[in-house]
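Computed from a prediction, not measured in an experiment: that's the story for all the values here.
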There are 2 protein chains.
Amino acid sequence: MASIHDVAQRSGVSTATVSRALRGLPNVSPVTRQRVQEAADALGYIPSPSASGLSSGRTGAVAVVVPSLTRWFFTEVVEGVDAALRVEGYDTFLVDLAVRPGERERLFSHTLLRKRADAVIALGIRFTGAERSELRSLPVPVAIVGAPLAGLRGIGVDDAAVSRSAIQHLVDLGHHRIAHVGGHDRFGLDRSVADLRERAWRAELRDRGLPLLDHWFASGGFLLPQSKAAALTMLQRPDRPTGVFAGSDEMAFGVLLAAAELGIRVPEDLSVVGIDDHSWSAAFHLTTVRQDPHEQGAAAAAMVLAQLAGTPPPIAPIAAPHELIVRGTTAAAARSRRLPADRDA
Amino acid sequence: MASIHDVAQRSGVSTATVSRALRGLPNVSPVTRQRVQEAADALGYIPSPSASGLSSGRTGAVAVVVPSLTRWFFTEVVEGVDAALRVEGYDTFLVDLAVRPGERERLFSHTLLRKRADAVIALGIRFTGAERSELRSLPVPVAIVGAPLAGLRGIGVDDAAVSRSAIQHLVDLGHHRIAHVGGHDRFGLDRSVADLRERAWRAELRDRGLPLLDHWFASGGFLLPQSKAAALTMLQRPDRPTGVFAGSDEMAFGVLLAAAELGIRVPEDLSVVGIDDHSWSAAFHLTTVRQDPHEQGAAAAAMVLAQLAGTPPPIAPIAAPHELIVRGTTAAAARSRRLPADRDA
DNA sequence: ATGAAAGCGCTAACAC
DNA sequence: GTGTTAGCGCTTTCAT
């Protein structure tokens, strides 16, 4: 394990010069820099993060706080973050809340974030009031992916707009009976997004004067199995909807499975639209509102990186793009399907 | 940001005693320890990982190297690792190879692993010869999750046995025409497991004297969409199989989707069995061979932790349990389905 | 353009 | 049981 000292000796300069040369700082003659670089290469020198962290105050790592890793959206964001970070030489430090449900208190002021990372990127979390203020007063750059938080930088789709777009699509196809599968996840970590989408659904239906039955809302907890079970119940009622707006593609898959099991044809008897454009959605022919979590992760990384570089972007949450992708799970509502009681086998 | 110094002052002892007291080392009187602890709490003191890392040589973090995060198996393992690590106070560093396909060279001897982490856990990677020797000569504990590597500690199911169990199940049901959907993933990172399963399939069929047609092997790349496409082709041929052994549940889902699209009934016309018991498999009624990646991750973490604690377990890869879970996608082969050319619409 | 030297905050001998 | 004292390997003034 060569140290900066070894490199200094081998190249006949001081450790200070080695440090400068290797980090590309100014005030190093080209020849010296070259010589140092060669010595470093020959020795296989790698600076110790602990040492440079201790003396510079920078760790070279950023923490990514996720509610769980088992959801497509989150893994995509993490990969996006990691990719962007890596390019700048930063390491990704994972803080998975799913593995320590009890440990949320003092989360952000705790070790990991405060001393291990130069910045924090938090995703899809419904923060408590205490956490929000912790986040705002953190001594390091912070970025949020998902529902925006006033006073903090972040990126995410406009959930109301996304929901509206999905519902508009169903309405355009003539659907009047539109259900929603949504709901918060098992740890209550992601309510904000779920709430925004559910609220948008209610508002849209109300504003358009469409019927809004209580049992047209089902909680799928952002999970396929749970969504399928919920849909199974909902779709077996006599007054079943002709269209379902699912809060995520994974939940939409659950609805699709339920419909298939009940012999309800999609899209002839039931239209389904999701949110995300999951990597499997095309295989399911799912109509959905696409967003790009990988891109959002990279954007969040860019925000904290910019702050670290001394060029902080404005503190406004930025809106990520979304786009309706029409595929095979949505179609015009059957005209005959007007009477509450009519259904096929 | 209180330092150890502040705590020492406030509690009226030396920094050395603070260090000892807080880390639970012996030779500290109960009263002193208590007083130190109170001072630390009052000050909100958190030791700096950089500083303690620099002086102790231990970073308090372990690196997890994954081929990608977008596969169920890997995310489960990572969560298992993180959970086990967290309990012991270690942090998890993510090294996602998917985000830097070009950067595999010198991977293990590179910064992250060498100076950032006290140990390395690598999953589902088909290492090059160079990487293998790098891994073996790494100055830190290493554990592998997945296909075993001679000379290294690790855990994983016996892929041959798992495959045999799946195929045996199909044979027991009277299937003679058994296809396989397998294949390595996009980065060539996980060939070993794919190869083991494919080889087991070939060997089993050969040993039992069952037909083994070339086009009964399809490469699904461990991805649903690709598996669906491959199955679509395979299942449309006149000599289609009556049973499909998929190398993972995600690939099995693809086969299921393809079958549904072609109007091939499962399990009446086609039986499908996977490997994993993915969290969605029950919703698909998929018969599969269960394994527990979360558990495997935790076990791998325990291995490196034990080494770090000075009680290294034996260097034999250990076999993780697996179990056939029979659900609804497999059934007795139709007796009429003997002639190569017969098929329904 | 380069070097000397003082830490960064903690741990680990070694004394007492 | 507790304090002293070196460093750990870097970065960073401040000189030169």
Does any donor atom in the side chain of B/D292 or B/Q296 lie under 3.5 Å from an acceptor atom in the other side chain?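 No, no side-chain donor-acceptor contact under 3.5 Å.
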Side-chain H-bond candidate by donor/acceptor type, A/R33 with A/S29, under 3.5 Å: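 Side-chain D/A pair, A/R33 to A/S29: absent.
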Drop me the distance from A/S52's OG to B/L54's CG, to the nearest 0.5 angstrom.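 A/S52 OG to B/L54 CG: 9.5 Å, rounded to 0.5 Å.
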Roughly how far, to the nearest 0.5 Å, is CE of A/M303 from CD1 of A/I155?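 Spacing of CD1 (A/I155) from CE (A/M303) equals 5.0 Å.
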Toward the 5' end of DNA chain C, by each residue's nearest nucleotide, A/G12 or B/A16: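 Mapping each residue to its closest nucleotide by heavy atoms, the 5'-most match is A/G12.
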Return whichever of A/S56 or A/R35 has its heavy-atom-nearest nucleotide of DNA chain C closer to the 5' end.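 Nearest nucleotide further toward 5': that of A/R35.
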Rounded distance in Å - [atom1] ([X]) to [atom2] ([N]):
X: A/N27; N: D/dC14; atom1: CG; atom2: P; result: 15 Å
X: A/M1; N: D/dC8; atom1: CE; atom2: C1'; result: 13 Å
X: A/R116; N: C/dC10; atom1: CZ; atom2: C1'; result: 14 Å
X: B/K115; N: D/dC10; atom1: NZ; atom2: C1'; result: 10 Å
X: B/R20; N: D/dG1; atom1: CZ; atom2: P; result: 10 Å
X: B/L25; N: C/dA12; atom1: CG; atom2: P; result: 8 Å
X: B/R33; N: D/dG1; atom1: CZ; atom2: P; result: 10 Å
X: B/Q34; N: D/dT2; atom1: CD; atom2: P; result: 13 Å

May I ask you to evaluate whether [X] reaches the phosphate of [N], defined as a side-chain N or O under 4.0 Å from OP1 or OP2?
X: A/S3; N: D/dG9; answer: no
X: B/S29; N: D/dG1; answer: no
X: A/S19; N: D/dT11; answer: yes
X: A/T32; N: C/dT2; answer: yes
X: A/S14; N: C/dG3; answer: yes

Counting heavy atoms from C-beta on, name the nucleotide in [options] closest to the side chain of [X].
X: B/S52; options: C/dT11, C/dT2, D/dC10; value: C/dT11
X: B/V13; options: D/dG3, D/dG1, D/dT11; value: D/dG3
X: A/S55; options: C/dC8, C/dG3, C/dT11; value: C/dC8
X: A/L54; options: C/dA5, C/dC8, D/dG1; value: C/dC8

Exam field: side chain B/S137 to backbone B/S133, donor-acceptor pair closer than 3.5 Å: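 Side chain of B/S137 to backbone of B/S133: a pair is present.
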Quick test of your reading of the model: are B/D91 and B/R86 salt-bridged, counting only N-O distances below 4.0 Å?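 The answer is yes: the pair qualifies as a salt bridge.
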Regarding B/S50, tell me which of base, sugar-phosphate or nothing describes its non-hydrogen contacts under 4.0 Å with the strands shown.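 Result for B/S50 = nothing.
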Could you check whether B/R58 gets within reach of a base, just the sugar-phosphate, or nothing at all, counting any heavy atom under 4.0 Å?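 Result for B/R58 = sugar-phosphate.
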